[in-house]
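Please read through the structure below; I'll follow up with questions.
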Amino acid sequence: MTETTCSQKLKQYFKNMMVYKSAEKSKLFSSCSIPSYMRDWIVMRFSDENGEVDEQTVDQYIHRTIPDRRQWNQYLVDLLHGSKPVRFLSKVKIEFDMKNRQALFSLPELGFPAHKGEAVADWSVVEKNRKNLLSSSEVWGIVVLLCETDGSQTIFRMTDFTPFCPYTVDVNYYRQARACFTTEEWTDLLLSAIDYAPESYGSEEEKYEMLRRLLPFVEPRVNLMELAPKETGKSYVFSQISPYGWLVSGGSMSRARMFYDVSKKTPGLVSGYDYLALDEVQSIRFTDKMEMQGALKGYMESGSYHVADYRGSGRAGVVLLGNIPMNEMDEASDMMRFLPDVFRDSALLDRFHGFIRGWKIPKMKENMKARGWALNAEYFAEVMHLLREDPIYRTVVEALLEIPEDAATRDTEAVKRLCTAWLKLLFPHVRSAEQADREAFSRYCLQPSLEMRGIIKKQLGIIDPSEFYGKEMPQIRVRQEDEANG
């Protein structure tokens, strides 16, 4: 794809959703801990027609509007001493105090409040923002706080909340615009949207290995595993591109945090996000290994979980991210030995839909950072989130695939789920089997899906040869048009 063609089509079809990206802009926002999706929104707000921004103006806006922990004390002074409301952009989480019948809020990025019960949200605010605030996840928004004294206790009240959603996303327009790009052009558009320079990749294989990371962004409950060298950008993609995902890096993980907290009566991470990525999985400590393993098996199979007397469900995909030695990166050898014992179980491994060969993704270098006009990350993240709930793509996949009768159900379900994600990502304009280019679908959707699931199948044969050794992937193929019409 030439730069001229890219710029022309981007300006023609996505003029209002473009942003000029550069490594210099990224450094400014990284120093302020601003994620990519919010960075692009701010750049769009302050850039001129050439994509240039006044860094000093942006820096002042960030420090005035998005406080960090160091600046939070300045807001507290205004609240406590000035008794005036303060307004700023922050992540908010709502919990409920059943005993006192109150909605409590917290600002996790700021470590506020210090004590439970000090921060209360007005019920009118909660009612008005049910869709956003009542999710189990943290949400970005403009908050208005007021400090009051209730007897001897100081109470911080949230009197208003505006969700961080700077514009309405027209998914239908996005689909229609896709039809005006070639597959090669669209691939490069996707890579630049997530801050990577398409021209820096050495091959098509490298590009599509990178795009495999986006499959859980567009399809519910896609469970993936990636083993890779360090510095290939795993953490960046899963933590910076979308506000709807959650990355856990090292530390400990409990069943309560992931699924359901019995003491707090609150659902866990899988119920509040599009995906849950466990980074540096070798260093994560699981506090209740057997309970976690059992809960994972049930959830990854059906999307539901059972903790004590609570039954819950989620739409999040589970993604394992691990670093292993370069000389051990071989899909025909036992790579699972580098994972925690929780995951060295064939029944659990079988519930992963696909494998990403991270060693085929180039290590991050300065020349790999997007430079030039591209889709802004916040818009693209919102589109991917909305595409998750569209059921038509699965019906297209069902109509296109021919499944052998003796194929294992977990294999076929994995392939169908991955194909559906690829279809949404690469061919969102295809709304029926008749519209699909079957050759392109086979090359860009089916074959990668078979390959991704095939690696899981190989690893199963290695760690549990008595059950899986020698078992091949089913011969799933694309149904020809005359067969579909016959």
Side-chain angles (χ1 to χ4, degrees), residues 174 178 183 186-187 189-191 193-194 196 204-228 232-242 244-247 270 273-279 300 303 314-322 351-358 360-361 377 380-394 396-397 400-401 410-428 430 440-457 473 476:
Y174 175 87
R178 163 60 184 96
T183 302
W186 191 253
T187 298
L189 179 146
L190 298 179
L191 287 168
I194 60 172
Y196 288 88
E204 183 181 82
E205 180 186 31
E206 290 180 353
K207 291 181 179 181
Y208 286 101
E209 202 73 44
M210 167 64 85
L211 290 180
R212 293 180 183 194
R213 291 174 174 170
L214 297 182
L215 300 181
F217 290 61
V218 293
E219 176 68 7
R221 291 182 39 241
V222 166
N223 306 317
L224 298 180
M225 179 183 300
E226 176 178 353
L227 299 179
T232 58
K234 298 188 299 298
S235 303
Y236 184 84
V237 171
F238 288 104
S239 67
Q240 297 293 306
I241 300 303
S242 173
Y244 299 105
W246 189 266
L247 179 80
V270 298
Y273 292 95
D274 288 355
Y275 60 82
L276 173 62
L278 304 179
D279 194 18
M300 292 172 68
R315 305 278 280 170
V318 177
V319 183
L320 296 191
L321 305 171
R351 287 159 167 81
F352 282 92
H353 299 122
F355 188 97
I356 300 173
R357 298 166 301 180
K360 291 187 175 292
I361 298 173
F380 182 51
E382 194 68 28
V383 168
M384 289 192 290
H385 177 67
L386 293 173
L387 285 173
R388 287 170 64 86
E389 303 309 317
D390 192 331
I392 196 69
Y393 295 100
R394 178 59 181 256
V396 175
V397 169
L400 286 172
L401 293 183
R410 286 204 180 117
D411 290 336
T412 60
E413 177 59 26
V415 171
K416 288 178 181 179
R417 200 175 287 268
L418 292 172
C419 279
T420 303
W422 279 117
L423 189 65
K424 291 177 179 179
L425 196 62
L426 298 177
F427 307 104
V430 173
F441 178 81
S442 177
R443 176 181 176 182
Y444 294 107
C445 300
L446 177 57
Q447 296 308 316
S449 300
L450 289 170
E451 182 179 68
M452 294 176 73
R453 175 61 184 178
I455 298 175
I456 296 293
K457 197 86 168 178
M473 282 293 294
I476 301 173

Atom pair CD (Glu206) and CE (Met210), whose distance is rounded to the nearest 0.5 Å:
9.5 Å
What's the shortest heavy-atom distance between Gly358 and Ala228, and which atoms?
CA-CB, 3.4 Å
Look at the side chain of Arg417 and the backbone N and O of Pro220, then say whether any donor-acceptor pair between them is shorter than 3.5 Å.
yes
Close side-chain approach of Arg394 and Lys416, heavy atoms under 4.5 Å:
yes
In this structure, CG of Leu224 is separated from CD1 of Ile456 (nearest 0.5 Å) by 8.5 Å
Tightest non-hydrogen contact, residues Leu425 and Trp186, listed as O-NE1, 3.1 Å
Steps toward side-chain contact (heavy atoms from CB on, under 4.5 Å) verdict (Leu321, Ser235):
CA-CA 8 Å; Leu321 305 171; Ser235 303; 5.7 Å; no
Please test Arg213 against Glu226 for salt bridge (charged side-chain N to carboxylate O under 4.0 Å, His left out), starting from the C-alpha separation and ending with a verdict.
CA-CA 9 Å; Arg213 291 174 174 170; Glu226 176 178 353; 2.7 Å; yes
Side chains of Arg443 and Thr183: does their closest heavy-atom pair fall under 4.5 Å?
no
Are Lys234 and Asp279 close enough, and set up right, to give a salt bridge (charged side-chain N to carboxylate O under 4.0 Å, His left out), and what steps lead you there?
CA-CA 8 Å; Lys234 298 188 299 298; Asp279 194 18; 5.1 Å; no
So do Tyr444 and Thr187 actually touch side chain to side chain, heavy atoms under 4.5 Å?
no
Atom OH of Tyr196 and atom NZ of Lys207: how far apart are they, to the nearest 0.5 Å?
15.0 Å
4.5 Å side-chain heavy-atom contact, Pro448 and Trp422
yes
Is any side-chain heavy atom of Leu423 closer than 4.5 Å to a side-chain heavy atom of Leu400?
no
Let's go through Asp411 and Met473 carefully: what are the C-alpha distance in whole Å and the side-chain angles of both, what is the deciding distance for side-chain contact (heavy atoms from CB on, under 4.5 Å) to 0.1 Å, and is it a yes or a no?
CA-CA 7 Å; Asp411 290 336; Met473 282 293 294; 4.2 Å; yes
One should read off an interatomic distance between Ile356 CD1 and Leu320 CG, to the nearest 0.5 angstrom, of 10.5 Å
Contact between Arg212 and Glu451 at the side-chain level, heavy atoms closer than 4.5 Å - yes or no?
yes
Closest heavy-atom pair, Ile361 versus Thr232, reported as atoms and distance to 0.1 Å, is O-CG2, 3.6 Å
Would you mind reporting whether Leu426 and Leu190 have side-chain heavy atoms less than 4.5 Å apart?
yes
Evaluate Lys424 against Asp390 for salt bridge (charged side-chain N to carboxylate O under 4.0 Å, His left out), listing each step before the verdict.
CA-CA 9 Å; Lys424 291 177 179 179; Asp390 192 331; over 6 Å; no
Shortest non-hydrogen separation from Arg221 to Arg388 and the atoms involved
N-NH2, 4.2 Å
Heavy-atom side-chain proximity of Val237 to Leu214 below 4.5 angstrom:
yes
With rounding to the nearest 0.5 angstrom, report the CG to CE distance, Leu215 to Met452.
5.0 Å
Atom CD1 of Ile476 and atom CG of Leu450: how far apart are they, to the nearest 0.5 Å?
5.5 Å
Taking Val318's backbone N and O only, do any of them form a donor-acceptor pair with Asn223's side chain (distance below 3.5 Å, no angle check)?
yes
Minimum heavy-atom separation for Ile194 and Phe380, please, with both atom names.
CG2-CE2, 3.8 Å
For the aromatic rings, using the six-membered ring if either is Trp, is the centroid distance between Phe427 and Phe441 under 6.0 Å?
no
Do Arg453 side-chain atoms and Leu418 backbone N/O form a donor-acceptor pair below 3.5 Å?
no
In terms of relative ring orientation, are Phe217 and Phe238 parallel, tilted or perpendicular, with 30° and 60° separating the classes?
tilted
Closest approach of Tyr275 to Gly245 (non-hydrogen atoms, all atoms of both residues)
CZ-CA, 3.4 Å
